[in-house]
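Report on the structure given below.
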Protein chains: 2
Amino acid sequence: MNSRENKPGEAAPAASPRHRPERAHPVTLRDVAEAAGVSTATVSLVVNKKKDARIAEETRQRVKDAIRALGYRPNAMAKTLVSGTSRFIGLVADGVATTPFAGQIIHGAQDEAWKHGYALLIANTEGNRELEQDAISMMLEYKVRGILYSTWFHRETDIPASLREADFVLVNCFAAEPGARAVVPDEVQGGKSATEILLRHGHRRIAFINATIPAPAKDGRLLGYRQALEEAGIAFDPGLVMEAYPDQEGGYGATGELLKRSATAVYCYNDRMAMGLYDGLREHGLSIPEDLAVVGFDNQEVIAAHLRPPLSTVALPHYELGAAGVRMLLGLEETAGAEAAKIHCPTVERNSVRVAARAKT
Amino acid sequence: MNSRENKPGEAAPAASPRHRPERAHPVTLRDVAEAAGVSTATVSLVVNKKKDARIAEETRQRVKDAIRALGYRPNAMAKTLVSGTSRFIGLVADGVATTPFAGQIIHGAQDEAWKHGYALLIANTEGNRELEQDAISMMLEYKVRGILYSTWFHRETDIPASLREADFVLVNCFAAEPGARAVVPDEVQGGKSATEILLRHGHRRIAFINATIPAPAKDGRLLGYRQALEEAGIAFDPGLVMEAYPDQEGGYGATGELLKRSATAVYCYNDRMAMGLYDGLREHGLSIPEDLAVVGFDNQEVIAAHLRPPLSTVALPHYELGAAGVRMLLGLEETAGAEAAKIHCPTVERNSVRVAARAKT
DNA sequence: CTGAAAGCGCTAACAC
DNA sequence: GTGTTAGCGCTTTCAG
């Protein structure tokens with residue numbers, strides 16, 4: 001049935017100009033063995049650089065030459081078949097590839113996986129349950145070393161049944177059930193850090209525009225704010241916290257309310273709100289940071305770094321989440337207790353906070 | 001060395017609370033065959049739903065039951081080993097996972113690949129030649145169906161030698177050498193569309209702030225601008241085109257120059273410049289679109305959709321690039337001539353252009 | 001030091 | 001309709 005025309009041994013001089021180099025690379029271990037006049041076992045040993053196996057230097061060289069001459073490539077599938085587990089790590093995401101900054105989860109996972117000799121197999125499920133199921137099945141069938149199950153924003157999730165057939169860790173999400181390994185951003189510390197930037201610059205009346213929609217981030221960032229105030233010996237004033245939809249329009253819309261509070265600084269739930277707030281403040285003829293200092297959250301590069309003035313904020317450690325997820329999967333990171341591991345959210349200072357405006361109330 | 005304690009055969013009632021379900025799933029085709037009292041060939045046939053093979057309904061059912069009962073999963077590696085080529089498509093990127101919006105290339109490729117039964121194997125090389133080499137080797141060893149070689153911004157590239165060992169297509173980049181399949185955005189059409197938005201609203205004196213750095217986008221977008229003017233019967237005025245660094249600061253900095261040109265509308269090389277320009281214009285007390293209409297390019301969601309007013313722009317079709325790349329690789333898309341396929345850049349109208357300001361020069 | 005041979009799990013002829 | 005069998009390319013004892 002096979003209708004290849006090249007007489008074996010002939011170099012097949014550039015058959016079709018483009019398209020598949022379909023000469024099907026039939027160069028196998030055996031071919032190399034024959035060419036070098038040794039057995040396949042020997043070739044296997046030199047290919048895998050087994051330290052213990054003592055091969056005559058002369059033989060080794062002969063094999064290496066043959067490999068080069070024939071353009072041999074090991075067949076990873078055969079290798080995996082024998083060993084039983086591949087060098088793949090699966091990453092199923094409900095939308096990280098879609099959303100701007102969370103692509104960093106992929107990036108971090110990929111770098112870390114690579115570092116340990118693993119390749120990333122990704123599947124974007126866009127939240128589609130069925131697709132997700134298929135993706136996990138596929139990964140299982142390809143004998144992945146384990147699966148990273150990630151979400152594009154920090155939230156609780158349930159664990160698809162088939163996921164349990166593999167070694168897995170949740171990334172940027174967590175499950176109610178104890179024992180499921182997970183890594184998430186440390187929202188509380190982040191909120192605390194954000195507030196502390198302001199505190200450090202002498203502000204005492206600091207407003208917080210929180211999100212309206214429930215999420216671990218909403219609770220955590222508020223808690224961090226309160227902790228920071230408390231440690232600074234400032235009483236928590238509920239009147240200083242507002243809520244708005246967490247995007248530019250929400251931030252813009254909150255301007256009026258905010259100004260009634262006569263705060264000297266404001267900490268926004270995220271950078272997008274801060275961006276809207278910038279516009280609102282400008283319309284009121286107010287300038288940042290002189291009239292009001294502002295800090296955001298997320299460190300959404302395109303926005304934060306290029307607002308005028310550039311926005312001080314706290315970064316969501318997406319890259320680290322991906323990397324830590326891989327490390328945890330591979331058992332390189334200690335799994336502390338039953339809790340999800342919390343990744344530190346670093347502070348990024350720019351110019352939207354400088355001197356305390358009319359500080360000291 | 002292995003110190004697992006479960007007696008084999010026992011259901012292992014939640015042995016270790018977390019970590020690997022290391023029961024190594026040794027359920028093979030043969031196991032199913034034995035359980036169902038048929039041969040492996042029969043099981044293989046029902047698993048792969050071969051239409052032609054006529055299997056007694058009763059037998060088929062018995063096999064299915066056995067499969068379910070044992071929790072059988074086919075081993076994709078073994079399957080691939082037999083067939084010679086996997087259901088993988090490799091995607092090597094120099095930074096798409098890193099950059100905000102270009103992650104859409106991954107997304108589009110993944111969706112399209114999945115649609116045809118392929119999974120995506122990705123590798124982010126961050127421009128590192130060596131890493132790139134390793135990534136390609138790995139993909140070759142895993143017998144990928146083909147490789148998508150992509151760049152995070154549209155540019156010329158050279159083709160790594162090992163890439164030729166596979167079936168490949170360039171995505172968002174192109175090679176000097178003819179015959180290499182490639183898919184890129186249609187910059188000229190994009191530039192033309194951007195200009196036409198303005199034209200359609202009655203503007204005749206349209207400025208263009210181009211980028212300072214050389215790129216296909218720089219040339220293409222300018223050409224499109226000129227074509228649009230020409231078709232509208234407007235003479236090209238070199239005095240109306242400026243150049244600036246293509247980011248917020250660049251756009252902001254170009255404000256002064258722009259205002260000297262007394263244009264009624266401006267088309268910016270990208271959304272980031274437009275964002276900076278918004279700030280500049282505002283400082284001059286000018287409003288958009290009344291005093292000046294503006295359009296951008298890229299449709300960088302976080303920015304364009306949420307500026308005040310929301311920015312009209314032309315989208316870079318990243319998702320489509322990824323999808324078209326896969327289609328081309330699979331031979332589903334006709335490769336027209338030796339040229340790279342050009343993907344249409346759709347127009348996204350928002351409110352930064354409305355009525356012609358002081359139109360008619 | 002190197003070769004022979006037995007599989008890894010599955011598919012595809014080809015019998016029966 | 002269903003079973004037998006010969007590999008796919010590689011690793012790995014076990015002999016020699």
Side-chain angles (χ1 to χ4, degrees), chain A residues 1-2 4 24-64 66-67 70-87 137-138 140-144, chain B residues 1 24-64 66-67 70-87 137-138 140-144:
Chain A
M1 278 289 106
N2 194 332
R4 288 197 288 116
H25 230 315
V27 181
T28 73
L29 242 206
R30 164 131 68 239
D31 296 329
V32 177
E34 280 173 11
V38 298
S39 78
T40 61
T42 305
V43 179
S44 174
L45 291 179
V46 351
V47 168
N48 298 298
K49 312 194 207 312
K50 291 285 184 195
K51 304 298 292 187
D52 45 347
R54 287 98 55 76
I55 307 264
E57 192 46 51
E58 194 266 335
T59 310
R60 182 189 302 280
Q61 199 49 54
R62 202 142 35 85
V63 172
K64 281 186 174 171
I67 288 178
L70 301 184
Y72 169 72
R73 290 245 180 232
N75 181 327
M77 296 298 175
K79 213 182 279 205
T80 302
L81 180 55
V82 172
S83 74
T85 155
S86 74
R87 301 298 285 183
S137 290
M138 180 226 86
L140 255 17
E141 292 176 14
Y142 275 103
K143 303 292 178 236
V144 294
Chain B
M1 280 284 110
H25 230 317
V27 180
T28 73
L29 242 205
R30 165 132 66 240
D31 296 329
V32 176
E34 279 172 11
V38 297
S39 78
T40 60
T42 306
V43 179
S44 175
L45 291 180
V46 352
V47 168
N48 297 296
K49 310 194 209 312
K50 291 286 184 193
K51 304 298 292 185
D52 44 348
R54 286 100 54 77
I55 307 263
E57 192 46 50
E58 192 267 337
T59 309
R60 181 188 303 280
Q61 200 49 54
R62 200 142 35 86
V63 172
K64 282 186 173 170
I67 289 178
L70 301 184
Y72 168 71
R73 290 249 180 228
N75 181 327
M77 296 298 175
K79 216 183 275 206
T80 302
L81 179 56
V82 172
S83 73
T85 155
S86 74
R87 301 298 286 183
S137 289
M138 179 228 86
L140 255 17
E141 292 176 13
Y142 274 103
K143 302 292 177 238
V144 293

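Note that the structure is predicted; figures quoted are calculated from it, not measured.
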Name of the residue among A:Val27, A:Asp31, A:Val63 meeting side chain to side chain contact (heavy atoms under 4.5 Å, CB included) with A:Tyr72:
A:Val27

Is there a donor-acceptor contact under 3.5 Å linking the side chains of A:Arg73 and B:Ser137?
yes

Take the protein atom CE of A:Met77 and the nucleotide atom P of C:dG9, then report the distance between them rounded to whole Å.
16 Å

Comparing B:Thr42 and A:Leu29 on DNA chain D - which has the more 5′ nearest nucleotide:
B:Thr42

When rounded to the nearest 0.5 Å, the distance separating CD1 of B:Ile55 from CG of B:Leu45 is 4.5 Å

Residues at least two apart in sequence or cross-chain that pass salt bridge (charged side-chain N to carboxylate O under 4.0 Å, His left out) with B:Arg62, listed by chain then number, are B:Glu58

Find the distance A:Glu58:CD to C:dC1:C1' and express it as a whole number of Å.
12 Å

Let me know the distance between CD of B:Glu34 and P of C:dC10, rounded to the nearest Å.
13 Å

Could you tell me whether the phosphate oxygens of D:dG9, OP1 or OP2, come under 4.0 Å of any side-chain nitrogen or oxygen in B:Tyr142?
no

Please report the interatomic distance OG(B:Ser83) to NZ(B:Lys143), rounded to the nearest 0.5 Å.
11.0 Å

Rounded distance in Å - CD (B:Glu57) to P (D:dT2):
10 Å

The answer to which of B:Arg62 and B:Val82 contacts DNA chain D further toward the 5' end, by nearest nucleotide, is B:Arg62

Taking only N and O in the side chain of B:Asn75, is any of them less than 4.0 Å away from OP1 or OP2 of C:dC8?
no

Ignoring backbone atoms, establish whether A:Ser44 has a side-chain N or O less than 4.0 Å from OP1 or OP2 of D:dC10.
no

Just call it for B:Thr59: base, sugar-phosphate, or nothing, with non-hydrogen atoms closer than 4.0 Å on any strand.
sugar-phosphate

Side chain of A:Tyr72 only, please: which of D:dC10, D:dC8, C:dC10 is the nearest?
D:dC10

Could you tell me whether the side chain of A:Thr80 reaches within less than 4.5 Å of the side chain of B:Tyr142, counting heavy atoms only?
yes

Can you tell me how far OG of A:Ser86 sits from CG of B:Asn75, rounded to the nearest 0.5 angstrom?
9.5 Å

Five-pair end axes of the helix from C:dC1-D:dG16 to C:dC16-D:dG1, angle between them (10°)
40°

Spacing of CD belonging to B:Glu34 relative to OG1 belonging to B:Thr40, to within rounding of 0.5 Å:
10.0 Å

When rounded to whole Å, the CG to P distance for the pair A:Leu81 and C:dT11 reads 12 Å

Just compare C:dC10, D:dT2, D:dC10 and give me whichever is closest to any side-chain atom of B:Ala78.
C:dC10

Give the rounded distance in Å between these two atoms: CG of A:Leu70 and C1' of D:dG9.
15 Å

Quickly work out the B:Gln61 CD to D:dG1 P distance and round it to whole Å.
17 Å

Picking from D:dC10, C:dC8, C:dG9, the nucleotide nearest the side-chain atoms of B:Arg30 would be C:dC8

Could you tell me whether A:Val38 contacts a base, only the sugar-phosphate backbone, or nothing, with contacts defined as non-hydrogen atoms closer than 4.0 Å?
sugar-phosphate

Polar atom pairs (N or O), protein with nucleotides 4-6 of chain C, under 3.5 Å:
none

Interatomic distance where NZ belongs to B:Lys143 and C1' belongs to D:dG9 [whole Å]:
9 Å

From B:Leu29 CG over to B:Thr42 OG1, what is the distance, rounded to the nearest 0.5 angstrom?
10.0 Å

How long is the span from the CD atom in A:Glu141 to the NZ atom in B:Lys79, to the nearest 0.5 Å?
6.0 Å

Among the nucleotides D:dT12, C:dT2, C:dT11, whichever has the atom closest to the side chain of B:Lys79 is C:dT11

